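Contents: one structure, followed by commentary.
Please read all numbers here as calculations on a predicted model, not as lab measurements. Reminder, nothing fancy here: chain letters follow the sequence lines and each chain counts from 1.
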Amino acid sequence: MQKVLPLLTLCFALLLSSFTLRPTADGYQVGDKAADFKLKNIDGKMVSLADNKTAKGYIVVFTCNTCPYAQAYESRIIALNQKYAPQGYPVVAINPNDPAVVPGDSYAAMQTKKYAFPYLQDESQQVAKTYGATRTPHLYVLTRRGNDFVVSYIGAIDDNSEDAKLVKTKYVENAMAEILAGKPATTNSTKAIGCSIKWKRA
Amino acid sequence: MLPLKAFLLGSGLLSAAPAFAQRVSVIKFPELQKRFTQPTDTTYVVNFWATWCAPCVKELPHFEQIRTLYAKKKVKVLLVSLDYASQLEKKVKPFVQQRGLKSEVVLLNEPDPNDWLGKIDAKWSGALPFTLIVNNKTKRRATFEQELSQVELTAALKKFL
């Protein structure tokens, strides 16, 4: 028995680790506390969520230069910042793609963009992994709670990627209307097609 | 050895076959669902892709190979393009023709993925490529929200056969 117990403990530990070491944890769910990050903006400065003390929250978008869906949504992401930055929810765009896989998403290529909001490079891809981002664009609304930020919405921008004029449901704007009113979003999680994040090759 | 022979034979037949214009049907979600929910013992390999998706384009030959390798088994490969329907003539049909795709290709014309993604698989977040292997008789299913290598795809399919 004395020999069996450590063995059992070991088996149990191995069993546990096989769960915890599963690749790509599911990332954040609505209601989770979002970890802050420190990523390099295209102007060379480091940006963290904590930097902007007046922000009531953020609209964090994992996006990139090259994905046709990211390109289709670029002007709509700019519009989200124009609408919600004055209301305390600026956009923070993060490019998680490995430039070794997609040269068009290199830091230099990112610098061709001129946005009124930060466009950060997630060089280690750790932020995308922590958030559970899988595609571009993939959007997260964060709401301030004291010094923390809580995930309030995850998902799509609207229901028609091809043509903004044909959009019937503006998912993120509907969620933002409720979040700004201090209420939880009725539809707080939506799905969208996008380009898979180009992870570093192991 | 047998699968290799079958493949060589299959590809030989393919190259000998006259070029023909592969049809690409534009369908809505209920019709797509019907394609792989028949209560038969066929194993469906359903790959969601798009002409603009580089990893999808890279893995497409693996699905074509599966089709020839398992031509004698009850395996049905269905390639579901998520290109916009407006790109059918300009992009999708020329692509299918140029690549000589022989598996059935359909274009899913649904503007809002939030309506249907979850019905394919609750865990699918929407990244492409995405592959579903399903057998309705044995009620087995496997899903992959990632690019698959030939080895990975074959190994996944073998579990169904």
Side-chain angles (χ1 to χ4, degrees), chain A residues 23-24 26-29 62 64 66-72 96-98 101-105 128 131-140 154-172 174-175 187-199 201-202, chain B residues 26 28-29 32 46-60 79-92 95 106-132 143-149 151-152:
Chain A
T24 54
D26 289 338
Y28 291 146
Q29 305 290 317
F62 292 89
C64 68
T66 54
C67 171
Y69 274 68
Q71 290 165 355
N97 282 348
D98 178 14
V101 181
V102 208
D105 284 326
Y131 276 62
T134 57
R135 54 166 206 273
T136 55
H138 202 154
L139 182 145
Y140 294 74
I154 302 175
I157 292 170
D158 57 43
D159 66 358
N160 194 311
S161 57
E162 182 178 19
D163 192 344
K165 290 191 289 292
L166 296 178
V167 166
K168 292 195 197 80
T169 310
K170 295 182 171 179
Y171 291 122
V172 71
N174 291 351
T187 302
N188 61 19
S189 181
T190 54
K191 288 171 179 254
I193 291 293
C195 305
S196 55
I197 288 177
K198 302 303 178 282
W199 303 107
R201 293 184 180 119
Chain B
V26 177
K28 298 301 253 183
F29 187 72
L32 172 68
V46 188
N47 173 248
F48 293 85
W49 67 288
T51 57
W52 48 260
C53 162
C56 305
V57 171
K58 205 174 128 207
E59 70 172 2
L60 275 177
L79 304 176
V80 184
S81 159
L82 294 180
D83 287 271
Y84 298 132
S86 62
Q87 304 296 307
L88 177 70
E89 299 297 334
K90 207 162 62 188
K91 287 261 178 68
V92 184
F95 180 93
V106 295
L107 187 148
L108 180 62
N109 181 25
E110 289 287 357
D112 186 8
N114 189 51
D115 278 346
W116 60 267
L117 276 178
K119 292 175 193 160
I120 298 287
D121 186 61
K123 287 195 303 253
W124 183 13
S125 76
L128 291 183
F130 181 87
T131 299
L132 162 73
T143 55
F144 305 88
E145 190 168 1
Q146 64 180 89
E147 181 190 333
L148 294 171
S149 68
V151 172
E152 288 167 330

Q: Using a cut-off of under 4.5 Å on heavy-atom pairs, state which of B/Pro111, B/Cys53, B/Ala54, B/Cys56 scores highest against chain A.
A: B/Pro111
Q.
Can you tell me which portion of B/Gln146 sits under 4.5 Å from chain A's heavy atoms? Options are side chain, backbone, both or neither.
A. neither
**Q.** Contact leader toward chain B among A/Ile193, A/Asn160, A/Thr190, where contacts are heavy-atom pairs under 4.5 Å
**A.** A/Ile193
Q: Please determine, among A/Arg135, A/Glu162, A/Lys168, the option with the most heavy-atom pairs under 4.5 Å with chain B.
A: A/Glu162
Q.
Rounded to the nearest 0.5 Å, what separates atom CG in B/Asn114 from atom OG1 in A/Thr169?
A. 9.0 Å
Q: Give the minimum heavy-atom separation between B/Pro113 and A/Ala192, together with the two atoms involved.
A: CB-CA, 4.0 Å
Q: Identify which of B/Trp52, B/Tyr84, B/Trp116 forms the greatest number of heavy-atom pairs closer than 4.5 Å to chain A.
A: B/Tyr84
Q) A/Lys191 side chain to B/Gly118 main-chain N or O, any donor-acceptor pair under 3.5 Å? A) no
Q) Take atom NZ in B/Lys28; do more than 12 heavy atoms of anything else shown fall under 6.0 Å from it? A) yes
